[in-house]
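To start, the structure under review is shown below, and the notes come after it.
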Number of protein chains: 2
Amino acid sequence: MGLAKTEIFTDKQNEIAQYAKVFGHPARVAILQYLYKLNACVCGDLVDEIGLAQPTISQHLKELKNLGLIKGNVEGTSVCYCIDVDNWKKMKNVMSDFLNQDLNQKDCC
Amino acid sequence: MGLAKTEIFTDKQNEIAQYAKVFGHPARVAILQYLYKLNACVCGDLVDEIGLAQPTISQHLKELKNLGLIKGNVEGTSVCYCIDVDNWKKMKNVMSDFLNQDLNQKDCC
DNA sequence: ATTATTAATCGTAATATTGCAATATACAAA
DNA sequence: TTTGTATATTGCAATATTACGATTAATAAT
């Protein structure tokens with residue numbers, strides 16, 4: 001059905017999955033890495049940097065924005081994007097809790 | 001097209017996206033949390049624990065296994081799954097590098 | 001041998017995602 | 001005001017994902 005049964009999972013599980021999902025495409029990973037590298041902001045040179053069409057990049061940016069991980073400031077005709085530091089930290093806490101649970105060194109069964 | 005243009009991204013970017021993608025469904029998050037909690041192994045009580053049909057759980061387990069994050073041991077008629085500790089650590093390193101890059105506190109533009 | 005139990009696989013329906021061309025919008029410059 | 005530039009939105013085609021019923025495979029128990 002292509003549709004996840006979110007209602008049977010906890011809020012936390014859905015939150016983790018939602019964050020992970022947005023990182024689940026290399027274009028969005030690349031966008032975030034580029035925003036990292038330039039520290040401050042960028043605009044549509046993401047289209048040049050990454051080899052995808054402008055509408056495609058715009059769509060990926062929208063998904064990142066919807067989750068609050070980036071924000072965009074209009075600057076004349078262009079839009080300047082950067083990572084939303086506060087929300088990034090919140091995301092990092094959620095994901096770290098999930099990834100860093102203690103594992104017993106026991107082998108399987 | 002439903003198909004990511006992986007060839008235009010770096011191996012690392014694709015690797016990050018691939019790991020993230022598998023965490024991008026709450027059922028797989030729930031499976032991993034359950035395997036965490038029980039430390040050692042579990043079998044098809046995942047079907048009872050999570051409210052999805054057996055073929056659906058089996059499919060999610062397969063995806064986790066394909067990435068090497070879990071392994072399964074046949075035990076009679078049932079199969080016992082657990083987290084693959086070594087591969088989990090490798091994954092954690094890759095994801096941590098991505099999530100923990102230094103952020104400048106600068107506001108956008 | 002037959003039967004039960006458990007898990008994997010197959011097939012399929014419903015929905016989501018990815019990517020882009022075409023178009024719209026919004027502002028700047030002339 | 002018209003023209004150019006940058007980004008967003010719309011619409012659509014191709015493919016992927018999710019979920020499950022039906023079936024198969026593999027072992028256990030009788």
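In what follows, chains carry the letters A, B, and so on, assigned in the order in which the sequence lines appear, proteins first and then strands, with residues in each chain numbered from 1. The figures here come from the full heavy-atom set of this structure, side chains too, leaving out hydrogens, waters and symmetry mates.
- The distance from atom CD1 of Ile57(A) to atom P of dA6(D) is 15 Å, rounded to the nearest whole Å.
- Ile16(A) places none of its side-chain heavy atoms less than 4.5 Å from the side chain of Asp97(A).
- Looking at heavy atoms from C-beta onward, Tyr81(A) lies out of side-chain contact with Ile31(A) at the 4.5 angstrom threshold.
- As rounded to whole Å, 13 Å separates atom C1' of dA19(D) from atom CD1 of Ile31(B).
- The residue among Gly24(B) and Val47(A) whose nearest nucleotide of DNA chain D is located toward the 5' end is Val47(A).
- Here dT17(D) presents its P atom at 16 Å from CZ of Phe23(B), a figure rounded to the nearest Å.
- In this structure, Asn66(B) atom CG and dT17(D) atom P are separated by 11 Å, rounded to whole Å.
- Pairing each heavy atom of Tyr34(B) with each of Leu46(B), the nearest pair is CD2-CD2, 3.4 Å.
- Residue Glu75(A) contributes atom CD, which lies 18 Å from atom P of dA26(C) at whole-angstrom precision.
- Regarding His25(A), its NE2 atom lies at a distance of 18 Å from the P atom of dA16(C), rounded to whole Å.
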Verify side-chain hydrogen bond (donor to acceptor under 3.5 Å, both in side chains) between Ser78(B) and Glu75(B), making sure each step is shown before the conclusion. CA-CA 5 Å; Ser78(B) 56; Glu75(B) 303 227 316; 5.8 Å; no
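- Between the CG atom of Asn73(A) and the P atom of dA6(D) there is a distance of 18 Å, rounded to whole Å.
- Among the atoms of the strands shown, only primed sugar atoms or phosphate atoms (P, OP1, OP2) are found under 4.0 Å from some heavy atom of Leu52(B).
- Nearest-nucleotide assignment on DNA chain D puts the 5′-proximal partner with Ser78(A), out of Ser78(A) and Thr6(A).
- OP1 or OP2 of dC20(D) sits under 4.0 Å from a side-chain N or O of Lys5(A).
- Nearest-nucleotide positions on DNA chain C place Ala4(A) closer to the 5' end than the other of Val74(A) and Ala4(A).
- Between Asn66(B) and Val22(B), the closest side-chain pair of non-hydrogen atoms is not below 4.5 Å.
- When the nearest nucleotides of DNA chain C are assigned to Glu63(A) and Thr77(A) by heavy-atom distance, the more 5′-ward of the two goes with Glu63(A).
- Taking atom CG on Asp48(A) and atom P on dT7(D), their separation rounds to 10 Å, with Å as the unit.
- With hydrogens and angles ignored, the 3.5 Å screen pairs no side-chain donor or acceptor of Trp88(A) with any backbone N or O of Gly68(A).
- With contacts defined as side-chain heavy-atom distances shorter than 4.5 Å, the pair Lys65(B)/Asp84(B) does not qualify.
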N/O contacts under 3.5 Å, protein versus nucleotides 8-13 of chain D?
| residue | atom | partner | partner atom | Å |
| --- | --- | --- | --- | --- |
| dA8(D) | OP1 | Tyr81(A) | OH | 2.4 |
| dA8(D) | OP2 | Ser58(A) | OG | 2.9 |
| dA8(D) | N7 | Gln54(A) | NE2 | 2.6 |
| dA8(D) | N6 | Gln54(A) | OE1 | 3.0 |

